[in-house]
Asker: 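This is the structure, below, for whatever I ask next.
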Amino acid sequence: MVKTTWIGDVQNGQHTDQTVELKGWVKRSRGNNNIWFVVLRDSTGTIQCVGKKKNLGDEMFETLKGAIIETSVVFTGHVRADERAEGGHELDIVDVEIVGAVNSERPFPIGEADMLVEDEDGELTYGGTEHTLNHRHLYLRTTRATTMLKLRSSAFGAIHNYFRGHDFLEYQAPNFVAGAVEGGSTLFEVPYFGKKAYLTQSWQLYAEAAMPALERLYTIAPSFRAEKSRTRRHLTEFWHAEMEMAWATNNDIMAHGEGVVRTIAKTLLEEREQELTYLERDLDLIARYADNPYPRMRYDEAIEILQGKGVAVEWGQDLDYSKEKILTQDFDVPHFLTHYPKVAKPFYHRVDPEDENYVLCHDLLAPEGYGEIIGGGERTWSEEEILQRIDEEGTPREPYQFYIDVRSYGGVPHGGFGLGVDRVVSWLAGATHIREVIPFPRTSRRVTP
RNA sequence: GCCGAUUUAGCUUAGCUGGUGGAGCGUGGGACUGUUAAUCCCAAGGUCGUGGGUUCGAGCCCCACAAUCGGCGCCA
């Protein structure tokens, strides 16, 4: 039963002029009464397989013709290099076995055209339709979805490799929590044995508790936010790569943020060139993201630039997406925005000792209109300051007592960041919507399938 | 929460001034000796999102509701 031959290897020329057994699914078929072509798909690629009636006999030829789209089959045949076939190789079928038949009264419900939608300019582009979202479990096997999942896998691997290569320890925080990191209105409340609990919005507070133990730690975990956002960059459940680091300044943390994002871009180029090409991504552009340093700009400079462009923005406002978008138009690599006004950020951001109106924080903005992919900075680390900041914001102390305790026993300067993995993949893949890069997207309007 | 839009066959969609709803894909049948999203012929498949209204007559006009999509705010 073990599968030994992969279509990708066949197309690489590893089995040319050999007899092999190919296991996979029918992607497309066509032909006439004497010759039948099946494009066979597996996780590694596609190959055209050819069956001739004179070789197979009437019965097996009819079996082959009956293998409609997404039938699972085992083909035994002879591999031949052939310029006429896409990919350069072809299988001459000598034996056909149907493993899982498809009922022709209920054919595979997703065709190539189902994934294409018209954008505002009338151009055909890929996007989720209600139909493909309702059939997400079947949509996953389409070429585009499979390609996105491969990019995603490489991105996750790159993040693990980066942090482990820099002596970070992987650490897990609970997903049921009692308090909030961001504003309380975006928490998912869950019943918890007669009490209330919430789904975590971030690993950060619990990571800070382990910071004095592990000093350099990271995770890749889901975060949950009950935001009714209807945008192409929001999910209610998203994958959050977070790091926390003792004895670190804002600049140290930014260096790692830049490092991990560049590593993801580099890894995709190394492992997924074929997939990026399929998505019509400009490889030179991805190489720039991998190789060039990411500029840094203070919040005040950003405000000046925006005001210079005639954008109505006042000092003290957080920068929303429309303003980020205007800023990123002048950049061809991601860039950091640092030193936001204290009034725009929550209590855990450390106030800049050189100017108490600002906090030592950073956001990393991706180009091409994809917006914020990292938020991070130094944490308020002394007991005195954290109490002051919590009270200033009118936040109750009680749920954060453990967080305060961490500072009461040997607090040290530290900080970290959170990176939206789905957002990074969406940006590097050039996806039309963040839901393209996660298998079963959760949004304010959808928890099924 | 706010603003805008969409809903016609399994899917993608056309549908004029309100006058008996067309096509492509897929599926089934047939033709063709190498196809590339094959081609050609034929067939089945529609209470036009739901409910109400206007009208001699509604896919089209009006109202309500629902589902979905896009954008904003907020964020990763």
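Predicted, not measured: the structure shown is a model, and the values here were computed from it.
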Asker: Taking atom C1' in both B:U47 and B:A43, what distance in whole Å separates the two?
Answerer: 23 Å
Asker: The side chain of A:H240 lies closest to which of these nucleotides: B:A76, B:G70, B:G10?
Answerer: B:A76
Asker: Could you check which of B:C72, B:G34, B:A76 has an atom nearest any side-chain atom of A:R230?
Answerer: B:C72
Asker: Could you check how far CD of A:E227 sits from C1' of B:G1, rounded to whole Å?
Answerer: 13 Å
Asker: A:R136 CZ to B:U68 P: how many Å, rounded?
Answerer: 15 Å
Asker: Please pick, from B:C32, B:U68, B:G73, the nucleotide with the shortest atom-to-atom distance to any side-chain atom of A:D320.
Answerer: B:G73
Asker: Strictly by Watson-Crick or wobble contacts shorter than 3.5 Å, is anything paired with B:C75, and which nucleotide is it?
Answerer: none
Asker: Would you sort out whether A:E324 and A:T328 count as a side chain to side chain donor-acceptor pair (under 3.5 Å), showing the intermediate values?
Answerer: CA-CA 6 Å; A:E324 285 178 3; A:T328 56; over 6 Å; no
Asker: Using the P atom on both, measure B:G53 against B:G59 and round to a whole Å.
Answerer: 15 Å
Asker: Could you tell me the Watson-Crick or G-U partner of B:C60, where both distances fall under 3.5 Å? Say none if there is no partner.
Answerer: none
Asker: Can you tell me whether the side chain of A:R232 and the base of B:C69 have a donor-acceptor pair closer than 3.5 Å?
Answerer: no
Asker: How would you label the contact of A:S104 with the nucleic acid (heavy atoms, under 4.0 Å): base, sugar-phosphate, or nothing?
Answerer: sugar-phosphate
Asker: Going by 5.5 Å between centroids and 30° between planes, is there a stack of A:F238 over B:A76?
Answerer: yes
Asker: Using the C1' atoms only, state how far B:A66 lies from B:G57, rounded to an integer number of Å.
Answerer: 28 Å
Asker: Can you tell me if A:H349 uses its side chain to pair, donor with acceptor, with the backbone of A:K345 under 3.5 Å?
Answerer: no
Asker: Picking from B:A76, B:U35, B:C74, which would you name as closest to the side chain of A:F37?
Answerer: B:U35
Asker: Which whole number of Å gives the distance between the C1' atom of B:G49 and that of B:U35?
Answerer: 41 Å
Asker: Between B:A14 and B:C25, how far apart are the C1' atoms? Round to whole Å, please.
Answerer: 15 Å
Asker: What does B:A66 pair with, Watson-Crick or G-U, if both distances are under 3.5 Å?
Answerer: B:U7
Asker: Please state how far atom CD in A:E105 lies from atom P in B:A43, giving the value in whole angstrom units.
Answerer: 20 Å
Asker: Classify the nucleic acid contact of A:I373 as base, sugar-phosphate or nothing, counting any heavy atom under 4.0 Å across all strands shown.
Answerer: sugar-phosphate
Asker: Flag the pair A:R379 and A:E244 as a salt bridge only when some basic side-chain nitrogen lies within less than 4.0 angstrom of an acidic carboxylate oxygen.
Answerer: yes
Asker: With a 3.5 Å limit on both atom pairs, tell me what B:G46 is paired to, counting Watson-Crick and G-U wobble, or say none.
Answerer: none
Asker: Between the base of B:G49 and the side chain of A:E130, is there any donor-acceptor pair under 3.5 Å?
Answerer: no
Asker: Could you tell me how far apart A:H131 (NE2) and B:U12 (P) are, to the nearest whole angstrom?
Answerer: 6 Å
Asker: Can you tell me if the side-chain N/O atoms of A:N34 get under 4.0 Å from OP1 or OP2 in B:G34?
Answerer: no
Asker: Which nucleotide in the set B:U33, B:C74, B:G70 lies at the smallest distance from any side-chain heavy atom of A:R435?
Answerer: B:G70
Asker: Using modelled atom types only, decide if a donor and an acceptor are shared between the side chain of A:R225 and the backbone of A:Q201 within a distance under 3.5 Å.
Answerer: yes
Asker: Would you mind pulling out the nucleotide paired to B:G26, Watson-Crick or G-U wobble, both distances under 3.5 Å?
Answerer: none
Asker: Keeping the roles fixed (side chain from A:D42, backbone from A:G45), state whether a donor-acceptor pair exists under 3.5 Å.
Answerer: yes
Asker: Look through every strand shown and name the nucleotide pairing with B:C16 as Watson-Crick or G-U wobble, where both distances are under 3.5 Å.
Answerer: none
Asker: Please report the distance, rounded to the nearest Å, between NZ in A:K228 and C1' in B:C69.
Answerer: 18 Å
Asker: Taking any heavy-atom pair under 4.0 Å as a contact, classify A:L235: base, sugar-phosphate, or nothing.
Answerer: base
Asker: What distance, rounded to whole Å, do you find between the two C1' atoms, one in B:G21 and one in B:G15?
Answerer: 7 Å
Asker: To the nearest Å, how far apart are A:E372 CD and B:G73 P?
Answerer: 13 Å
Asker: If you find the nucleotide of RNA chain B closest to A:K325 and the one closest to A:W239, which residue's nucleotide is nearer the 5' end?
Answerer: A:K325
Asker: For A:L199 and B:C75, what is the distance between atoms CG and P respectively, to the nearest whole Å?
Answerer: 20 Å
Asker: Take A:T16 and A:H89 through the side chain to side chain donor-acceptor pair (under 3.5 Å) test and state the conclusion after the steps.
Answerer: CA-CA 8 Å; A:T16 306; A:H89 294 81; 3.2 Å; yes
Asker: Would you mind telling me which of B:G70, B:G34, B:U27 lies closest to the side-chain atoms of A:V50?
Answerer: B:G34
Asker: Rounding to the closest angstrom, what is the interatomic distance between B:G46 and B:U13 at atom C1'?
Answerer: 14 Å
Asker: Taking OP1 and OP2 of B:U68, is either one under 4.0 Å from a side-chain nitrogen or oxygen of A:R445?
Answerer: yes
Asker: Strictly distance-based, threshold 3.5 Å: is any side-chain N or O of A:T380 a donor or acceptor partner for the main-chain N or O of A:Y348?
Answerer: yes
Asker: Is any N or O donor-acceptor pair between the side chain of A:Q48 and the base of B:U35 shorter than 3.5 Å?
Answerer: yes
Asker: With heavy atoms under 4.0 Å as the rule, sort A:N33 into base, sugar-phosphate or nothing.
Answerer: base
Asker: Measure from the side-chain heavy atoms of A:E90 and tell me the nearest of B:U35, B:U12, B:A76.
Answerer: B:U35
Asker: Within the modelled atom types, does a donor on one side and an acceptor on the other bring the side chain of A:T231 and the base of B:G70 under 3.5 Å apart?
Answerer: no
Asker: For A:E83, report the nucleic acid contact type (base, sugar-phosphate, nothing); a contact means any heavy atom under 4.0 Å.
Answerer: nothing
Asker: In this structure, how many angstroms lie between the P atom of B:A76 and the CZ atom of A:F224, rounded?
Answerer: 16 Å
Asker: For the backbone of A:H362 and the side chain of A:Y299, can you confirm whether one donor and one acceptor N or O come within less than 3.5 Å of each other?
Answerer: no
Asker: Is the A:F331 to A:H335 ring centre distance short of 6.0 Å?
Answerer: yes
Asker: What integer number of Å spans the P atoms of B:C61 and B:U6?
Answerer: 10 Å
Asker: Base, sugar-phosphate, or nothing for A:K53, non-hydrogen atoms under 4.0 angstrom?
Answerer: nothing
Asker: Quick one: on RNA chain B, does A:G375 or A:K323 contact a more 5' nucleotide (nearest heavy atom)?
Answerer: A:K323
Asker: Answer with base, sugar-phosphate or nothing: what part of the nucleic acid does A:G418 contact at a heavy-atom distance below 4.0 Å?
Answerer: sugar-phosphate
Asker: State the pairing partner of B:C32; accept Watson-Crick or G-U wobble contacts with both distances under 3.5 Å, and report none otherwise.
Answerer: none
